[in-house]
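In what follows, chains carry the letters A, B, and so on, assigned in the order in which the sequence lines appear, proteins first and then strands, with residues in each chain numbered from 1. The figures that follow rest on heavy atoms only: side chains count, while hydrogens, waters and symmetry mates do not.
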Amino acid sequence: QQQVKQSPQSLIVQKGGISIINCAYENTAFDYFPWYQQFPGKGPALLIAIRPDVSEKKEGRFTISFNKSAKQFSLHIMDSQPGDSATYFCAASKAGGGADGLTFGKGTHLIIQP
Amino acid sequence: DSGVTQTPKHLITATGQRVTLRCSPRSGDLSVYWYQQSLDQGLQFLIQYYNGEERAKGNILERFSAQQFPDLHSELNLSSLELGDSALYFCASSVDASSTYEQYFGPGTRLTVT
């Protein structure tokens with residue numbers, strides 16, 4: 001059972017455009033939603049994270065939008081740059097007993113064309 | 001650089017063998033998580049240790065085991081290796097026991113089983 005569904009699988013955006021990646025989750029016990037960026041040959045790097053008590057969080061060119069009722073969250077990359085070309089993973093986890101690490105989406109391969 | 005170190009970077013071994021992967025967490029972090037990344041399964045949580053004690057278990061095979069030592073470094077032991085165990089293995093560390101705190105990933109160990 002895939003608990004976090006991520007789309008699209010791949011995305012091509014022109015330089016300066018907005019990249020949008022979407023995720024949906026099933027487990028209502030999830031209460032922490034990070035995004036990770038991974039370059040080839042490297043480990044995932046924490047980009048930005050949100051908790052369900054807010055609907056939006058912005059850090060520089062990166063924004064997470066969160067819709068608790070729809071159980072969806074998305075990553076927006078404004079003014080996308082070629083250096084943003086990477087694979088992006090959404091993830092979710094829950095606090096308390098039975099916590100079991102991060103549950104990841106399948107990833108989105110993002111290419112920013114110059 | 002996340003501050004998490006992993007050795008070795010690459011490992012090539014034969015089916016049926018046993019290997020040990022090593023991870024040193026960021027300074028001050030007490031939790032260590034192990035994840036497996038493969039093309040078909042994506043990033044999957046294996047196991048978590050917090051301050052020397054097993055905290056949570058994910059999709060870890062019985063042939064795999066881990067431990068965390070008093071100096072907080074961790075080792076993941078993989079035995080009776082099969083071709084399907086070929087993957088990237090990441091460890092991540094966090095300051096707290098809860099998986100809802102920021103996890104920082106190491107550069108990974110690429111395991112190839114021939």
Side-chain angles (χ1 to χ4, degrees), chain A residues 1-7 9-10 21 23 25 27-54 57 59 62 64 66 73 86-109, chain B residues 1-7 9-10 21 23-26 29 31-50 53-60 66 74 76 87-110:
Chain A
Q1 182 187 10
Q2 187 183 350
Q3 293 196 59
V4 178
K5 293 183 180 179
Q6 183 171 347
S7 63
Q9 195 172 352
S10 60
I21 304 170
C23 284
Y25 62 97
N27 190 340
T28 54
F30 286 146
D31 58 4
Y32 172 68
F33 304 89
W35 285 87
Y36 282 83
Q37 177 190 58
Q38 186 177 26
F39 293 104
K42 304 289 186 184
L46 180 62
L47 203 55
I48 186 172
I50 198 167
R51 298 182 192 274
D53 52 342
V54 296
K57 183 174 181 180
E59 287 184 5
F62 300 92
I64 299 179
F66 185 81
F73 58 110
T87 300
Y88 291 80
F89 295 92
C90 62
S93 69
K94 55 184 185 288
D100 51 7
L102 290 167
T103 300
F104 283 89
K106 293 290 189 184
T108 295
H109 183 52
Chain B
D1 184 358
S2 66
V4 178
T5 60
Q6 288 186 250
T7 57
K9 195 172 178 64
H10 301 279
L21 313 184
C23 167
S24 292
R26 294 187 321 158
D29 285 356
S31 259
V32 170
Y33 299 79
W34 287 97
Y35 292 86
Q36 180 193 60
Q37 185 175 36
S38 62
L39 279 174
D40 53 344
Q41 296 293 325
L43 266 163
Q44 288 209 311
F45 167 67
L46 296 178
I47 196 165
Q48 178 202 4
Y49 275 80
Y50 175 75
E53 303 270 331
E54 183 184 302
R55 174 81 176 176
K57 246 179 177 177
N59 298 317
I60 189 165
S74 178
L76 179 67
L88 272 164
Y89 291 85
F90 290 104
C91 81
S93 75
S94 175
V95 65
D96 193 79
S98 170
S99 61
T100 60
Y101 280 76
E102 289 82 1
Q103 292 182 33
Y104 296 90
F105 282 70
T109 293
R110 181 175 292 280

Checklist line | Under 4.5 Å from any heavy atom of chain B - which part of A:Pro34 | finding: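 Contact with chain B is absent: no heavy atom of A:Pro34 under 4.5 Å.
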Next item on the list: Measure A:Tyr36 against the heavy atoms of chain B and call it side chain, backbone, both or neither at under 4.5 Å.
Entry: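 Contact with chain B is through the side chain of A:Tyr36 alone.
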Notebook entry, point to check: Does A:Leu102 offer a backbone N or O that forms a donor-acceptor pair with the side chain of B:Tyr35 under 3.5 Å?
Noted result: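 Confirmed, B:Tyr35 side chain pairs with A:Leu102 backbone.
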Margin query: How long is the straight-line distance from CG of B:Leu39 back to NZ of A:Lys106, given to the nearest 0.5 Å?
Written below: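 Those atoms lie 10.5 Å apart.
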Check: How close do B:Gln37 and A:Phe89 get, heavy atom to heavy atom, and via which atoms?
Finding: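 B:Gln37 and A:Phe89 have their closest heavy atoms at NE2-CZ, 3.5 Å.
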Checklist line | Minimum-distance pair of heavy atoms, taken over all atoms of B:Phe90 and A:Gly43 | finding: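 Distance-wise, the nearest heavy atoms are CE2-CA, 3.3 Å.
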Next item on the list: Flag yes if more than 12 heavy atoms outside A:Glu59 fall under 6.0 Å of its CD atom; otherwise flag no.
Entry: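 Yes - once you tally the heavy atoms of other residues, nucleotides and ligands closer than 6.0 Å, there are more than 12.
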Next item on the list: Taking atom CZ of B:Arg26 as the centre, report whether more than 12 heavy atoms of other residues, nucleotides or ligands fall under 6.0 Å from it.
Entry: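 Enclosed: over 12 neighbouring heavy atoms sit under 6.0 Å from CZ of B:Arg26.
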Margin query: At a 4.5 Å cut-off on heavy atoms, which part of B:Asp1 comes close to chain A: side chain, backbone, both, or neither?
Written below: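 Contact with chain A is absent: no heavy atom of B:Asp1 under 4.5 Å.
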Check: Between B:Glu102, B:Lys9, B:Gln41, which shows the greatest number of heavy-atom pairs under 4.5 Å with chain A?
Finding: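 Going by pairs under 4.5 Å, I would pick B:Glu102.
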